[in-house]
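Notes follow the structure.
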2 protein chains.
Amino acid sequence: MRNRPIPEATVARLPVYLQALLSLAEDRRQMTVSSDELAQMAGVNAAKVRKDLSYLGSYGTRGVGYDVEYLLYQITRELGLTQDLPAAIIGLGNLGRALASFKGFAERGFKISALFDVDDSVVGTNVGRIKVRHLDDLKDIVAEEGVVIGIIATPPAPAQLVAERLADAGIKSILNFAPAVVKVPPDVTVRKVDLSIELQILSFYQQRNQAIATAREASRRLGTSDPSPQARRPH
Amino acid sequence: MRNRPIPEATVARLPVYLQALLSLAEDRRQMTVSSDELAQMAGVNAAKVRKDLSYLGSYGTRGVGYDVEYLLYQITRELGLTQDLPAAIIGLGNLGRALASFKGFAERGFKISALFDVDDSVVGTNVGRIKVRHLDDLKDIVAEEGVVIGIIATPPAPAQLVAERLADAGIKSILNFAPAVVKVPPDVTVRKVDLSIELQILSFYQQRNQAIATAREASRRLGTSDPSPQARRPH
DNA sequence: ACGCGCTTGTGACCTAAATCACAAAGTCTG
DNA sequence: CAGACTTTGTGATTTAGGTCACAAGCGCGT
């Protein structure tokens, strides 16, 4: 199992396990955790947890479980979070400001080390402890500060341009909050987080479940059998 | 193909197509769009677009493509976004405020119609045009305003409690921004958006690609063959 | 009316992920 | 130290999703 490439789906779950393990590590009582407990906390099933962890190596003890601290370290290492990664935020509207002051980043191995905008009324001001710089200085400051992650928090229109500037500055990892698809060179990884897309997905299931409930209600009144016995839900 | 249940993966992409179609609809020049164009705009491949759209029905014309307006309407309808869905935000810290003033929601079929917090220095104040109410009034106001979607933007600790209150108030769709896994009754759908999880996933690939680059560099210097010829990337 | 070029819609195939189920390996108890 | 009990680690199987490739359908020009 060891040395096999880690599936994407597993990578996406590792941070969730990390979250659970951090909360376990806080109250020092529990030194060890079973796949079942971890599964409960992460909201997945136990078999998945075991398979996921087995990709990292055999870090558990049969009959006992996983050592919390040790597993914590191994996942942290696997995710490349043993030292803080410097990140930059581009765009300091409402969302950019919220991200800049979000405590969760520092707690999980990231350091916001530069802020950029193009609006003259924002450039030069401080957000938190950091001065906002002009986008034109991106390349220099990225090099200076050793920034490796770019966070796009602009409106959709300038997102593509910003992505190109980031790629040009040597950034290989981009997190895009702008509601727009950006194209980048093949050696750059982009992840997209779109707030309204998530709501739209919810809306779909909301509507469907409501339709099912209505249909069931109607058929109940008519005395016919249930038109859709198993109403599947996402996840 | 019609009447088959729509795959989850397809549902997750429909909003992306919607986004692309909206931008096409804006400039009135292009009345029709091919699966190939749409694929470009959405950042996926053409076959996937066609298969996805075929789940909704045969809305395309061979040799021509899809009528932009008509497809726009069909996807909107399928997602249940023909009328605005009222949503509530719980927690008005930095993130909650950013969400409350985020324009994208209104543009895509959602209406923020209630805000809640427990902090006395926040309750009673206005954010945007809406007065912040106390969490204890959740159930009443949800009923009054017909809220169907709950957005959790609290710190992790109170997230579970808030989720329970939402479920108790009859909300069936929850979008959770708090970095915590929440448990809800089986008839409630939760989607999680975790900002630091996304960064952690980026970190993993960042590190791996860097490791590959380093290995390649080393082997180049030693004159050996490339240790990992095809460096796969996510997505 | 007919043939050519374009684009859809979809079966067939392939790949990745989830789930199952159980042997292997450990702890604990008397 | 033997036997009962726990929990891991992983092959085998199932399910879901992605990709391929091409026949069917449509518009247009002649």
Side-chain angles (χ1 to χ4, degrees), chain A residues 1-14 16-17 20-21 24 30-68 70-71 74-75 78 201 205 230 232-235, chain B residues 1-14 16-17 21 24 30-68 70-71 74-75 78 201 204-205 230 232-235:
Chain A
M1 210 72 177
R2 198 74 250 280
N3 292 333
R4 273 188 256 186
I6 301 181
E8 271 181 52
T10 295
V11 172
R13 280 189 295 268
L14 289 180
V16 183
Y17 302 145
L21 288 167
L24 283 175
Q30 200 169 356
M31 304 307 288
T32 187
V33 63
S34 72
S35 60
D36 212 357
E37 286 174 282
L38 200 51
Q40 293 279 324
M41 298 180 73
V44 298
N45 68 46
K48 216 183 275 184
V49 170
R50 290 202 296 278
K51 189 144 247 184
D52 284 344
L53 296 183
S54 76
Y55 286 110
L56 314 184
S58 289
Y59 295 146
T61 310
R62 292 166 195 236
V64 179
Y66 300 87
D67 182 272
V68 172
Y70 187 59
L71 190 55
Q74 290 299 340
I75 294 181
E78 198 69 48
I201 296 170
Y205 291 110
Q230 76 277 32
R232 277 191 58 258
R233 287 192 325 110
H235 282 255
Chain B
M1 209 74 177
R2 198 73 250 280
N3 292 334
R4 273 187 257 186
I6 302 182
E8 271 181 52
T10 295
V11 172
R13 279 188 296 268
L14 289 181
V16 183
Y17 302 145
L21 288 168
L24 283 175
Q30 199 167 358
M31 304 308 287
T32 186
V33 63
S34 73
S35 59
D36 210 358
E37 286 173 282
L38 201 50
Q40 292 279 322
M41 298 181 74
V44 299
N45 67 45
K48 215 184 275 182
V49 169
R50 289 202 297 276
K51 190 147 246 182
D52 284 343
L53 296 183
S54 77
Y55 287 111
L56 314 184
S58 290
Y59 295 146
T61 307
R62 294 167 194 235
V64 179
Y66 300 87
D67 182 272
V68 172
Y70 186 57
L71 191 54
Q74 290 300 340
I75 294 181
E78 198 70 47
I201 296 170
F204 174 85
Y205 291 110
Q230 77 277 33
R232 278 192 58 260
R233 285 192 324 111
H235 282 251

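Side-chain atoms are counted along with the backbone in the values below, which use heavy atoms only and exclude waters and symmetry mates. Values in this document were obtained by computation on a predicted structure and should not be read as measured data.
A 4.5 Å side-chain heavy-atom check between B:L38 and B:L71 finds at least one atom pair inside the cut-off.
Summarising the geometry, the separation between CG on B:L53 and P on C:dT10 is reported as 12 Å, rounded to the nearest angstrom. At whole-Å resolution of the value, CG in A:D36 and P in C:dT19 are 14 Å apart. The distance between atom CD of A:E37 and atom C1' of D:dT8, rounded to the nearest whole Å, is 14 Å. When rounded to the nearest whole Å, the span between OH of A:Y55 and C1' of D:dG9 equals 12 Å. Rounded to a whole Å, the OH atom of B:Y66 is 15 Å from the P atom of D:dG27. Atom-to-atom, CG of B:D52 to P of D:dG17 comes out at 10 Å; the value is rounded to the nearest Å. For A:Q74 and D:dG9, the CD to P distance is 12 Å, given to the nearest whole Å. Distance, B:Y59 OH to D:dC26 P: 17 Å, rounded to whole Å.
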Report task. Go through the steps for B:E37 and B:L24 under the test side chain to side chain contact (heavy atoms under 4.5 Å, CB included), then give the verdict. Result -> CA-CA 11 Å; B:E37 286 173 282; B:L24 283 175; 5.8 Å; no
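For A:S58, whose side chain is taken as the heavy atoms from C-beta onward, the closest listed nucleotide among C:dT8, D:dT10, D:dG17 is D:dT10. Comparing D:dT8, C:dG26, C:dT19 by their closest approach to the side chain of A:N45 singles out C:dT19. Minimum atom distance to the side chain of A:T61 is reached by C:dG26, of the listed C:dG26, D:dT8, C:dA17. Taking every side-chain heavy atom of A:S54 into account, D:dT10 is the closest of C:dG9, C:dA18, D:dT10.
Between B:S35 and C:dT8 there is a side-chain polar atom (N or O) within less than 4.0 angstrom of OP1 or OP2. Contact annotation: B:K48 side-chain N/O to D:dT19 OP1/OP2 distance is under 4.0 Å. A close approach under 4.0 Å does not occur between any side-chain nitrogen or oxygen of B:R50 and OP1 or OP2 of C:dG11.
Put simply, the residue from A:Y66, A:Y17, A:Y70 that forms a ring pair (Phe, Tyr, Trp, His ring centres under 6.0 Å) with A:Y59 is A:Y70.
Summary of the strand contacts: B:G60 and A:V64 both lie near DNA chain C, and taking for each the nucleotide with the nearest heavy atom, the more 5' one is attributed to B:G60.
Here A:D36 contributes atom CG and A:N45 contributes atom CG; the two are 9.5 Å apart, rounded to the nearest 0.5 Å. Distance CZ/A:R13 to CD1/B:I201: 10.5 Å, rounded to 0.5 Å.
A donor and an acceptor atom never sit less than 3.5 Å apart when one is taken from the side chain of B:R62 and the other from the base of C:dT7. Judged by distance alone with a 3.5 Å cut-off, a donor-acceptor contact links the side chain of A:K51 to the base of C:dT19.
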